[in-house]
Amino acid sequence: MDVGDHIWDMAVSRDGKWVVSGTSSGLVTVWNAKSHEKASEFTGKERLWAVDVSPDGTKIATGSDLTACVWSLSGQRLLGPLEHNYLVAGVKFSPNGCLIATAARQSISASGSVRIYDSQNGRLLIDTQIQPSPCNKQFFAWAADSKWLFILSCGAIINCLDVSTGTILSQWPIHTRDRPGCIAVAPNGRFIAASAAKSVSFWDTRTHKKIGSIIKHKTFVRSIAISNDDIATSASTTITLMRLGDILPSEYLDVMARDEEILSMGVQGTNPKDIIKLSPAHDGCSSALSRIQGEGVDLEETNQSVLAEIYDLRAQNESLHKVIATLENTVQELRTDLAVLSATQIRPSTPFVHGTRTRRKKSRDWKHSPVAYKTFLHNLTTPITPQI
């Protein structure tokens with residue numbers, strides 16, 4: 001696929017049918033991914049810095065010198081131009097397709113910003129003054145449910161933006177401030193991968209704590225992509241593919257990531273063949289599907305049954321995580337109590353360690369009984385080995 005011009009950005013539709021490229025001269029080309037032929041081609045008014053394809057594969061978002069636009073695959077402008085103060089270096093549809101995030105870089109005369117628009121009418125919903133990282137174009141990523149937008153800003157800070165309120169829920173620094181590059185969110189939404197200079201680190205999206213080990217490269221990391229099982233990083237002329245199971249704890253890699261992807265694509269109620277195509281074992285499932293069709297099985301009923309099982313498994317998974325969290329909290333409390341007790345090494349005191357019920361009846365105020373009070377002080381200050 002020869003564009004014949006300098007390509008600044010490209011994107012692939014979620015269903016894998018289309019590849020879209022944007023060039024320095026403003027040329028947008030839509031390619032058929034299977035045949036490698038041009039499906040359409042059109043030119044904007046300005047050079048293009050960023051492109052993206054909507055989740056349903058019917059729209060294209062572009063970012064140019066001062067504007068962002070939304071187009072049909074054939075080149076009809078649907079929205080825009082959406083004005084910005086400086087070049088729009090990033091555009092990204094939300095996973096549900098309802099929103100578009102844009103990022104304009106900082107210049108001498110204008111401050112950078114990250115904005116969110118309604119993808120249907122182009123209405124500006126959120127305008128933040130977050131300065132996106134100047135070292136790369138992959139500086140923001142949507143959460144799988146489209147509720148949060150993670151932004152890598154100047155100073156190597158990850159910002160979690162609540163889309164419903166337009167507020168920053170949290171901020172935390174990554175492993176180094178040396179040339180923050182790009183971020184990507186896992187399909188299951190449990191962790192973020194962030195690059196800086198020649199290394200990539202991983203972060204829990206809820207606790208914001210670093211997890212797993214840091215991946216190191218010989219050259220600067222330019223891009224990150226995460227699947228359910230692997231992470232791909234590009235550095236200079238090399239693409240490195242690593243299994244996430246070798247890097248992260250097992251609790252961040254669950255089988256429920258696949259159903260999240262399926263449900264987010266809105267395939268509920270469609271032919272099960274579409275779901276099978278998303279499976280890692282596509283080839284084996286295809287042969288199984290052929291046998292099922294030959295036996296006359298009701299595919300729609302099978303589809304509903306599979307989705308019901310997916311929901312049940314996800315509910316069980318969430319319940320198990322809650323139980324594990326409760327147990328971890330209980331163990332932590334016990335460890336804290338043990339540490340305090342070991343440090344003091346003093347038996348929990350009562351005023352009647354050597355006293356009797358009879359003595360308590362005779363003297364309600366035990367402090368006024370010299371013998372009892374002396375005995376109490378002796379027991380209070382005598383170190384003992386705690387009995388656990």
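As the structure is a computational prediction, the values presented were derived from the model and not from experiment.
Under a hydrophobic-cluster definition in which Ile, Leu, Val, Met, Phe, Trp and Tyr are linked whenever side-chain heavy atoms come within less than 4.5 Å, directly or via other members, Val88 and Val70 are assigned to different clusters. Side-chain heavy atoms closer than 4.5 Å link hydrophobic residues (I, L, V, M, F, W, Y) into clusters, and following such links, possibly through other members, connects Ile231 to Ile211. Cluster annotation: Leu161 is connected to Leu99 through the hydrophobic network of ILVMFWY side chains, with a link wherever side-chain heavy atoms come within less than 4.5 Å. In this structure, Leu169 is not a member of the same hydrophobic cluster as Ile157, with clusters built from ILVMFWY side-chain heavy atoms closer than 4.5 Å. No continuous path of hydrophobic side-chain contacts links Ile214 to Leu248 [ILVMFWY only; heavy atoms under 4.5 Å].
A distance of 15.0 Å separates OG of Ser13 from CH2 of Trp31, quoted to the nearest 0.5 Å. In this structure, the separation between NE2 on His175 and NZ on Lys210 is 8.5 Å, given to the nearest 0.5 Å. Between the SG atom in Cys160 and the CD1 atom in Ile168 there is a gap of 8.0 Å [rounded to 0.5 Å]. Note that the CG atom of Leu253 and the CZ atom of Arg243 stand 9.0 Å from one another [nearest 0.5 Å].
Counting only heavy atoms from C-beta outward, the side chains of Gln76 and Trp71 never approach each other to under 4.5 Å. Side-chain atoms of Gln171 and Asn159, non-hydrogen and from C-beta on, do get closer than 4.5 Å to each other. Side-chain contact between Phe140 and Val114 is present, with at least one heavy-atom pair separated by less than 4.5 Å. Phe139 has its side chain out of reach of Ile151: every pair of non-hydrogen atoms, C-beta onward, lies at least 4.5 Å apart. Val19 is listed as a side-chain neighbour of Met10, based on a closest heavy-atom distance under 4.5 Å.
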Sequence neighbours left out, cut at 3.5 Å: what donor-acceptor pairs do the side chains of residues 119-126 make with other protein atoms?
residue: Ser119; atom: OG; partner: Gly97; partner atom: O; Å: 2.7
residue: Ser119; atom: OG; partner: Cys98; partner atom: O; Å: 2.9
residue: Asn121; atom: OD1; partner: Arg123; partner atom: N; Å: 2.9

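Contact detail for Gly75 and Phe42: the closest heavy-atom pair is CA-CD2, 3.3 Å. For Ala61 against Val91, the heavy-atom pair with the smallest separation is O-CG2, 3.7 Å. Ile60 and Ser72 get closest at one heavy-atom pair: CD1-O, 4.3 Å. Smallest separation of non-hydrogen atoms from Leu149 and Ala141: CD1-O, 3.6 Å. Across every non-hydrogen atom of Leu152 and Cys182, the tightest pair is CD2-N, 3.8 Å. Of all non-hydrogen atoms in Thr29 and Glu41, the two that sit nearest each other are OG1-OE2, 3.2 Å.
In this structure, Tyr252 and Phe191 have perpendicular ring planes: the angle between them is above 60°, well past the 30° mark. A tilted orientation is assigned to the rings of Trp203 and Trp172, their planes being inclined by 30° to 60°.
When the shell of 6.0 Å around NZ of Lys59 is examined, it contains more than 12 heavy atoms from other residues, nucleotides or ligands.
The salt bridge (Lys or Arg N to Asp or Glu O under 4.0 Å) test applied to Asp127 returns Arg115, not counting sequence neighbours. By the side-chain contact (heavy atoms from CB on, under 4.5 Å) test, Leu82 is found to be paired with Ala68, His84, Tyr117, residues two or more places apart in sequence or in another chain being considered.
No side-chain donor from either of Thr167 and Asp162 sits under 3.5 Å from a side-chain acceptor of the other. Side-chain contact check for Ser227 and Asp229: no donor-acceptor pair (N or O, by modelled atom type) lies under 3.5 Å. Side-chain polar atoms of Thr67 and Glu83 form no donor-acceptor pair below 3.5 angstrom. Between the side chains of Glu37 and Asn32, no donor N or O sits under 3.5 Å from an acceptor N or O.
Ion pairing between Arg47 and Asp65 holds under the 4.0 Å rule for side-chain N and carboxylate O.
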*Would you please test Ile183 and Ile224 for side-chain contact (heavy atoms from CB on, under 4.5 Å) and show each step?*
CA-CA 7 Å; Ile183 62 172; Ile224 301 174; over 6 Å; no

*Tell me, with the steps shown, if Asn228 and Asn188 meet side-chain contact (heavy atoms from CB on, under 4.5 Å).*
CA-CA 8 Å; Asn228 293 323; Asn188 62 10; 5.9 Å; no

*asked:* Show, in sequence, the C-alpha distance, side-chain angles and deciding distance for Val185 and Ile226, and conclude whether the side-chain contact (heavy atoms from CB on, under 4.5 Å) test is met.
replied: CA-CA 7 Å; Val185 178; Ile226 304 175; over 6 Å; no

